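Notes for the one structure printed next.
Owing to the predicted nature of the structure, the values given are computational and were not obtained by experimental measurement. For ligands, and for the atoms within them, numbers begin at 1 and follow the listed sequence.
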Amino acid sequence: MSSPPIRVSIVAPTFNEAHNVGELARRLGVVLDGMDWEVIFVDDNSPDGTAETVKALAAINPRVRCIRRVNRRGLSGACIEGILSSSAPIVAVMDADLQHDEAILPEMIGRIARGESDIVVGSRLVEGGSSEDGFTPARAFASNFAIRMAGLLVGSAVSDLTSGFFAIRRDLFEAMAPRLTTSGFKILLDVLATASPPLRASEVGYRFRSRLAGASKFDARAMSDFFGLLVHKATRGLVPPRFILFVLVGGSGVFVHLVALRFAMGFEHLSFGWSQGIATMVAMTWNFIVNNVLTYSDAKLRGWRALTGLLQFYAVCGIGAVANVGIAKWLFEMDNAWWLAAMAGILMGSVWNYAMSSLLVWRRAD
Ligand code: GDD
Ligand code: MN
């Protein structure tokens, strides 16, 4: 007597992946043999005709499904819609570009089916994990630092927090779905931060492959996301007022910083480095307090929560500073004007601080 096959949906977001979807479906058929599986491609109306390609596949393979979204973009939102369209008890999210190694799916799915974990993350950072595309030491450091700090923030056992490769119990996901953010690339971090009680998480290492066909949307998107957020939305009057407020508060923080620095340097035995450090803490504290009463007045933190919120805010700003310096340095090395590089860095840092403060410190979706 054998138990019924495991039911699982694989959700693969796509944007211009027409050349990869057929191969992914074929590989899934190999590794998921013996399971009752389906793959749901969630396509944001790709100009290369990915949706038509998927529908042609679906016509001959009932395990293939397609959700075609129009007038919308966004990786997180696509993943959420794909998962919510499933009725299987287990769902897995993976990229459609063959960079995620499908060979570890049976282990990821198996751990959930056996009740060992609520969520299993495909990780480049645990044993057996790696990445074929090398980072420069500076970028690797910034990336690792950001991941580690984010890990402290969500208090999670997961090391690869930016992974887009994970399997999860659908009932747990359904419960938290209304509280998730639909924009951006940060769905895993969002899921781990939102779940309450926390998810029982584990990781499986895999080798992140280089892309064969098509181009990554990550670099171009990550940049345009940030600039677009300002320019594109500002022109339509859609910039969240909260973000404008957040930036204005940040501007006042620069002033507070300079005053505090001038004051600290008045003490003879304080070196410039110490003065600068003190001024930074004063400015961050100022920003937190003003944001707490002004920008996030509807979600104001009080008592102990205000104290832990302040510590989280320090951590978020710390990462924001690394992102700021990293992006500015990277652009400057690409032979750009120093002021352009600096502006891009500041913008990147501000958007990060805003997004993460909203997501983690004050927990607002807008
Ligand atoms: N539906 C939809 N809408 N899909 C999208 C969108 C979008 O706006 N943007 C990207 N995708 C799809 C791509 O077609 C691909 O299947 C997957 O999402 C990942 O996008 P890539 O552009 O290939 O991202 P990457 O390889 O640079 O980034 C990977 O690593 C990041 C860092 O670890 C992804 O796994 C990210 O999820 C991850 O954050
Ligand atoms: Mn990719």
Exercise. Which class fits the ring pair Trp362 and Tyr296: parallel under 30°, tilted 30 to 60°, perpendicular over 60°?
Worked result: parallel

Exercise. Taking only heavy atoms of His100, which atoms of ligand 1 are found under 4.0 Å from at least one of them?
Worked result: 35 (O)

Exercise. Counting only N and O atoms by type, is there a donor-acceptor contact under 3.5 Å from the side chain of Thr308 to the main-chain atoms of Arg305?
Worked result: yes

For this session: Please check if any side-chain donor atom of Ser130 sits under 3.5 Å from a side-chain acceptor atom of Arg207, or the reverse.
Result: yes

Exercise. Considering only heavy atoms of Arg124, which atoms of ligand 1 have at least one such atom less than 4.0 Å away?
Worked result: 33 (O)

Exercise. Short list, please: which atoms of ligand 1 are under 4.0 Å from a heavy atom of Gly74?
Worked result: 3 (N), 7 (C), 8 (O)

Problem set entry | Ligand-residue contact atoms, ligand 1 with Val42, heavy atoms, under 4.0 Å | 1 (N)

Exercise. Do other residues, nucleotides or ligands put more than 12 heavy atoms under 6.0 Å from Arg72 CZ?
Worked result: yes

Exercise. Which single N/O/S atom of Asp97 lies at minimum distance from the Mn ion (ligand 2)?
Worked result: OD2

Seminar exercise, completed: Short version for Ala78: what comes under 4.0 Å of ligand 1, heavy atoms counted, is side chain

Problem set entry | Sidechain-backbone polar pair: Asp190 side chain, Leu180 backbone, donor-acceptor under 3.5 Å | no

Exercise. Do ligand 1 and Phe208 have nitrogen or oxygen atoms that lie under 3.5 Å from each other?
Worked result: no

Seminar exercise, completed: ligand 1 to Glu17, heavy atom cutoff 4.0 Å, flagged ligand atoms 13 (C), 14 (O), 15 (C), 16 (O)

Exercise. Would a distance-only check, ignoring hydrogens and angles, find a side-chain to backbone donor-acceptor pair under 3.5 Å from Asn16 to Asp48?
Worked result: yes

Exercise. Any idea which atoms of ligand 1 are less than 4.0 Å away from a heavy-atom of Gln99?
Worked result: 23 (O), 26 (O)

Problem set entry | Min N/O separation Arg69 to ligand 1 under 3.5 Å | no

For this session: Look only at interatomic distance and state if Asp97 has a nitrogen or oxygen under 3.5 Å from any nitrogen or oxygen of ligand 1.
Result: yes

Exercise. Does the Asp44 side chain pair with the main chain of Phe15, one donor and one acceptor, at a distance under 3.5 Å?
Worked result: no

For this session: Run down the list Asp95, Asn45, Asn20, Asp44 and name the one with the heavy atom closest to atom 19 (C) of ligand 1.
Result: Asp95

Exercise. Just wondering, is there an N, O or S atom on Asp95 that's nearer than 2.8 Å to the Mn ion (ligand 2)?
Worked result: no

Exercise. Can you find a heavy atom in the side chain of Leu301 that is under 4.5 Å from one in the side chain of Phe288?
Worked result: yes

Exercise. Counting distance only, does the side-chain N/O of Arg63 pair as donor-acceptor with the main-chain N or O of Trp37 below 3.5 Å?
Worked result: yes

Seminar exercise, completed: ligand 1 to Ala96, heavy atom cutoff 4.0 Å, flagged ligand atoms 16 (O)

